[in-house]
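Atom set for the values below is all heavy atoms of this structure, side chains included, hydrogens, waters and symmetry mates excluded. Residue numbers start from 1 in every chain, and the chains themselves are labelled A, B, ... in the order their sequence lines are given, proteins ahead of strands.
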2 protein chains.
Amino acid sequence: MEVPRTTQNEAETPPRGSRAWQRRQRVAHILAAAEAVFAETGFEGASMSALAAASGLPKANLHYYFGTKEALYTALLDSILDLWLSATDSIRPENDPAEALAAYVRAKMHWSRTRPFASKVFANEVLHGAPYLGSYLAGELRSLVREKSRVLEGWIAAGRMEPVDPPHLFFAIWAMTQTYADFEAQIRAVLDRPELTAQDHAQGTETVLRLVLKGCGLRFKAAASMGASMGE
Amino acid sequence: MEVPRTTQNEAETPPRGSRAWQRRQRVAHILAAAEAVFAETGFEGASMSALAAASGLPKANLHYYFGTKEALYTALLDSILDLWLSATDSIRPENDPAEALAAYVRAKMHWSRTRPFASKVFANEVLHGAPYLGSYLAGELRSLVREKSRVLEGWIAAGRMEPVDPPHLFFAIWAMTQTYADFEAQIRAVLDRPELTAQDHAQGTETVLRLVLKGCGLRFKAAASMGASMGE
DNA sequence: AACAAGATTGACCGATTGGTCAGCTTTCTC
DNA sequence: GAGAAAGCTGACCAATCGGTCAATCTTGTT
């Protein structure tokens with residue numbers, strides 16, 4: 001069930017217009033279309049014909065590029081994982097705790113707004129027991145959390161923030177930020193919006209920042225109020 | 001696509017051992033088995049034969065009781081919804097904000113621990129755009145949030161808590177608490193556990209309480225530390 | 001005891017699923 | 001420009017899908 005992570009994304013780009021370059025273009029195009037389909041219907045709910053229709057290609061063409069539906073799915077997961085790991089750069093011992101955590105929350109919220117489908121595909125995978133991502137979660141992600149937790153513990157020991165359990169703080173941040181992508185249907189319904197606005201996301205970011213920063217005993221400056229998020 | 005909510009769950013219980021009583025028993029038994037299957041594989045991923053196998057009944061028997069897979073699914077959703085609405089009782093104007101919010105968080109965390117499958121079924125439904133729950137979200141849930149938001153606004157106006165945007169505070173609480181059910185696979189992997197322990201949940205509850213209460217400018221008393229949640 | 005209503009289920013159905021493949025076209029290489 | 005390699009796709013496949021139904025068994029009523 002577990003999939004070994006490839007490193008294809010780190011290979012250098014082939015010359016523009018070449019055969020290999022065109023292949024990458026098409027693969028990327030298929031993956032982009034598949035992201036939306038998998039996000040909306042899940043792995044089992046996404047049929048190869050639906051994936052083909054979404055990319056505007058015949059079904060047999062998808063099989064030519066990826067072999068199986070599973071391979072297409074894991075290739076997509078692989079391309080999504082980089083996003084997960086990239087946002088923690090700000091959390092380094094020499095940085096200011098408040099600024100570092102704020103930057104992390106903002107990065108996660110930004111990712112929720114700009115790549116909601118990627119977030120949903122990831123969420124769906126984990127929700128169903130992470131059959132393909134299990135080894136990644138127990139490997140790279142666990143290492144990352146361990147490393148960043150040590151940074152937080154350093155700040156706590158130095159009295160620069162209050163003693164919050166670092167892994168659980170990460171779980172809370174992930175949950176609060178990604179909920180704006182994963183559970184967007186619920187948030188939209190409650191706020192009575194056809195779709196979430198930039199202001200909704202700003203209000204969300206502000207609220208998450210408030211909880212995280214004050215929860216860690218750090219300074220938090222409220223932005224100028226834009227009014228209540230629900231009418232009447 | 002939308003499903004009208006039934007009120008079957010409010011009818012009185014028929015005499016024990018009677019025909020109607022036995023029918024309810026079987027329906028409840030099927031729903032309990034279906035909850036696990038739908039939670040683990042989603043609506044599309046759960047086949048009628050898998051649902052039949054999980055309940056130990058022939059497939060045709062499920063169709064006898066529920067007619068279609070969709071009807072079985074919506075009946076399950078309906079039984080889950082009551083849980084969602086029941087935990088907000090503590091949020092009333094005359095209560096203490098800190099105690100009320102803490103009780104709410106604790107209730108949600110408790111539900112995540114004891115009914116993880118129900119949480120996952122709900123999460124899966126919303127994740128895929130809430131095709132069956134849309135009307136409920138825009139109806140009962142929106143009304144509930146409006147009502148409870150007014151309570152929080154009252155507390156804010158009275159200076160009993162800081163000005164947190166009430167709907168977004170609810171989104172944050174829902175996300176942080178249900179993540180222990182919905183994304184349990186991820187949390188388990190990061191914490192390196194075969195399964196989440198009571199202590200993990202206690203640590204999680206403590207962290208969520210800290211963020212919510214301090215985020216609202218309310219008093220928070222840390223429980224005695226039980227040690228770091230990650231080894232090393 | 002007789003009958004009706006409810007409960008049960010193996011066998012079957014058309015539709016759709018993921019996947020294959022032969023045969024065609026396009027592009028690159030020499 | 002000839003041959004090889006890569007790209008492409010309509011037609012097809014076995015397996016599985018959700019759902020149906022006639023036949024049988026069980027239970028409650030009289």
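Between Met48(B) and His63(B), some side-chain heavy-atom pair lies under the 4.5 Å cut-off. Considering only heavy atoms from C-beta on, Val208(B) stays 4.5 Å or farther from Lys108(B) through its side chain. When side chains are defined from C-beta on, Glu125(B) does not count as touching Tyr136(B), because their heavy atoms never get closer than 4.5 Å.
In summary, the aromatic rings of Tyr180(A) and His110(A) are positioned with their centroids too far apart to meet the 6.0 Å limit.
Salt-bridge formation is detected for the pair Glu184(B)/Lys120(B): a Lys NZ or Arg NE/NH1/NH2 atom is positioned less than 4.0 Å from an Asp or Glu carboxylate oxygen.
Judged by distance alone, with hydrogens and angles left aside, the side-chain atoms of Ser119(A) form no donor-acceptor pair with the main-chain N or O of Arg115(A) at under 3.5 Å.
Across the protein-nucleic acid pair, Leu51(B) atom CG and dG19(D) atom P stand 11 Å apart, rounded to whole Å. Note: CD (Gln22(A)) to C1' (dA6(D)) measures 11 Å, nearest angstrom.
OP1 and OP2 of dA6(D) both lie 4.0 Å or more from every side-chain N or O belonging to Arg23(A).
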B/S/- along nucleotides 8-20 of chain C (protein heavy atoms under 4.0 Å) is BBB------SBBB
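Between its two ends, the helix from dA1(C)-dT30(D) to dC30(C)-dG1(D) turns its axis by 10°, counting five pairs per end and rounding to 10 degrees.
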>> I'd like to know whether Tyr65(A) forms a ring-ring contact (aromatic ring centres under 6.0 Å, His included) with His29(A), so could you lay out the CA-CA distance, the side-chain angles of the two residues, the decisive distance to 0.1 Å, and finally the verdict.
In response: CA-CA 12 Å; Tyr65(A) 278 110; His29(A) 173 252; over 10 Å; no
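Between Thr205(B) and Met109(B), the shortest heavy-atom distance links the atoms OG1-CE, 3.5 Å.
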